[in-house]
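Just below is one structure, and these are the notes that go with it.
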Amino acid sequence: MELARPSRKTNGKGVQVEDTQICVVMVGLPARGKSLIAQKAQRYLRWLSIDARVFNVGNYRRKDAAQPSADFFDVNNLEGERMRRAAAEAAVTDMLKWFKDGGIIAILDATNSTKKRRRWIKERCDKEGVETLFVESKCDDEELIMSNILEVKTTSPDYVGQDPEEAAQDFRNRIRNYEKVYETIDEEESDLTYLKIMNVGKRVIINAIQDYLQSRVVYYLMNLHIKQRSIWLSRHGESMWNVYGKIGGDAKLSERGEAYARKLPDLVKESFDGNDHPLTVWTSTLQRTIATAQHLPQEWNQLQWKALDELDSGVCDNMTYAEIKEEYPEDFEARDQDKYNYRYRGGESYRDVVIRLEPIIMELERSENILIVTHQAILRCIYAYFMNEDQEKSPWLNVPLHTLIKLTPRAYGTDRQVYKAAIPAVSTWRGKGSVAKHEDPLEDTTSLDK
Ligand SMILES: *[C@@H]1O[C@H](CO)[C@@H](O)[C@H](O)[C@H]1NC(C)=O
Ligand SMILES: *[C@@H]1O[C@H](CO)[C@@H](O)[C@H](O)[C@H]1NC(C)=O
């Protein structure tokens, strides 16, 4: 399921570019989750190795007006109007330059949403052969808007260090100013390619999607919701293969692994705040993950996913790293050189795993509170998606055994909390070039513990 299409053209500078380039234009009033959607789309596309970038007009505007009050956004404030226009101009100019250099999908995150402005953006893109996909987030559910306002006022750089009550009031006034000029996408614009999302996915309208890449983006965005939720990640408890230093296989838990399984319900409870539960539990189909989840509350639904099975190490399944180095020295070397792309003989690479995890990510986006009990390589890929880690680094992440990670997506990034069960386990983290599995993981700069 490669997203990138095989036919490629080169741009003026000889850089290879996909023949489809898309500008995704966010449309909607403030506090409708636009920035969140933009950031997520960028993260998702990059995770799939598609060059994507958000151009946030607010960030351009902040260079000139760091913490403007609501008056700044009044239509009658000429100076404010001029600065907002200049910011939009600068963002679009940078974006078009980025496309010339081979960018594939830009996401233009801006608030000003008039028909005239949409025409202007479309004309600029048309001229450069860039497709436009307008994504409108409409919301009249007061509760959702309020929770978004709460989120924005506590996390937006516009309100750093300000009294939360005043910030919320100011933000509401800002929205009122935008409402005066806001025009929703309607029938008059039926020539535009657009996705209209009402009340965060309750209803969606899709118009004039033109090609495969656009439909992939639309499908992802349709599945998003912005309700508060968390995702818990845990490896299985220590397995007999972990103890012997072997990879792959379908081994049972060690005694310490069993102890972790008994401890997991408490560890999860310790991580709760507010309305976190109930959780749905996902495991792989391998017995070590199922055994690790067995003591979790009966009333929590459990689902087994084949797609969550450990990276397939092909002919190296059930071997130790020392054995692999002995038997397949070139492979051992090649894997260290480019761990993300290296594919085990008869097995998988990290890149393959990301492709098979795509439906998992899609399902995760549709879901609310989920606890995933799975394997090291799989967790590295899922973690990289949520934490925006590069592919160079993600295969080297240290995801220790007997540790629960709680991820909470927020408007400006993902919060992470780590809970350690006080149950010893071997370290299965291996540094580049080494066959041992007992290096001090704290030496690893990409360690989760930091
Ligand atoms: C939005 O843009 C239009 C012109 O493109 C401008 O007249 C209007 O004042 C802008 N409104 C806001 C709230 O930025
Ligand atoms: C590795 O061991 C598992 C049992 O733990 C077995 O099912 C699998 O076939 C073995 N793999 C290879 C390549 O022999």
Side-chain angles (χ1 to χ4, degrees), residues 233-264 281-296 302-357 359-360 372-382 395-396 398-403 421 423-430 433-438:
L233 306 176
S234 172
R235 290 178 66 186
H236 52 79
E238 183 187 71
S239 75
M240 290 315 290
W241 264 203
N242 293 148
V243 174
Y244 302 145
K246 290 176 190 280
I247 65 169
D250 190 11
K252 287 194 173 2
L253 296 182
S254 71
E255 247 170 60
R256 299 191 298 191
E258 297 275 3
Y260 177 69
R262 284 190 299 273
K263 180 78 196 274
L264 188 57
V281 183
W282 294 356
T283 65
S284 75
T285 64
L286 298 171
Q287 61 173 337
R288 57 193 185 278
T289 65
I290 297 167
T292 304
Q294 68 182 321
H295 303 294
L296 291 164
Q302 289 204 15
L303 261 155
Q304 293 170 15
W305 292 80
K306 180 88 179 130
L308 289 174
D309 283 1
E310 181 56 310
L311 185 147
D312 181 352
S313 44
V315 295
C316 297
D317 198 31
N318 303 327
M319 287 170 80
T320 65
Y321 285 118
E323 285 163 356
I324 298 171
K325 192 175 182 185
E326 177 76 30
E327 206 149 328
Y328 303 104
E330 291 105 43
D331 286 77
F332 190 79
E333 174 73 9
R335 184 157 198 262
D336 272 3
Q337 289 315 316
D338 186 359
K339 200 172 174 186
Y340 189 76
N341 289 301
Y342 172 80
R343 178 183 282 149
Y344 277 107
R345 295 173 189 226
E348 290 178 301
S349 65
Y350 273 85
R351 184 180 289 279
D352 295 330
V353 168
V354 161
I355 288 169
R356 93 160 125 97
L357 283 176
I360 295 278
I372 306 178
V373 180
T374 177
H375 308 270
Q376 175 160 263
I378 307 302
L379 284 184
R380 281 173 173 153
C381 295
I382 296 174
W396 297 99
N398 176 30
V399 187
L401 285 167
H402 300 181
T403 304
I423 298 168
V426 296
S427 164
T428 55
W429 184 82
R430 180 185 72 87
S434 154
V435 293
K437 55 180 179 55
H438 289 289

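Quick note: numbers below take in every heavy atom, side chains included, and nothing from hydrogens, waters or symmetry partners. Just so you know, ligand 1 is whichever comes first in the structure, and atom 1 is the first atom listed for that ligand.
With sequence neighbours left out, the side chain to side chain donor-acceptor pair (under 3.5 Å) criterion links T292 to no other residue. With sequence neighbours excluded, the residues satisfying ring-ring contact (aromatic ring centres under 6.0 Å, His included) with Y344 are Y342.
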Write 'none' if nothing qualifies; otherwise put on separate lines each N/O atom of ligand 2 with a protein N/O atom under 3.5 Å away and their distance to 0.1 Å.
unit_1, atom_1, unit_2, atom_2, d
ligand 2, 2 (O), N318, OD1, 3.0
ligand 2, 2 (O), N318, ND2, 2.4
ligand 2, 5 (O), D250, N, 3.1
ligand 2, 11 (N), D317, OD2, 2.9
ligand 2, 11 (N), N318, ND2, 2.9

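Among the candidates R343, K339, R380, the single residue satisfying the side chain to side chain donor-acceptor pair (under 3.5 Å) test with Y350 is R380.
Listed by first then second residue, pairs satisfying salt bridge (Lys or Arg N to Asp or Glu O under 4.0 Å) with a partner in residues 321-332 read D331-R345, not counting sequence neighbours.
Using a 3.5 Å distance cut-off with no hydrogens or angles, the side chains of N341 and S349 do not pair a donor with an acceptor.
Between D338 and R351 there is no salt bridge, since no side-chain N of the basic residue sits under 4.0 Å from a carboxylate O of the acidic one.
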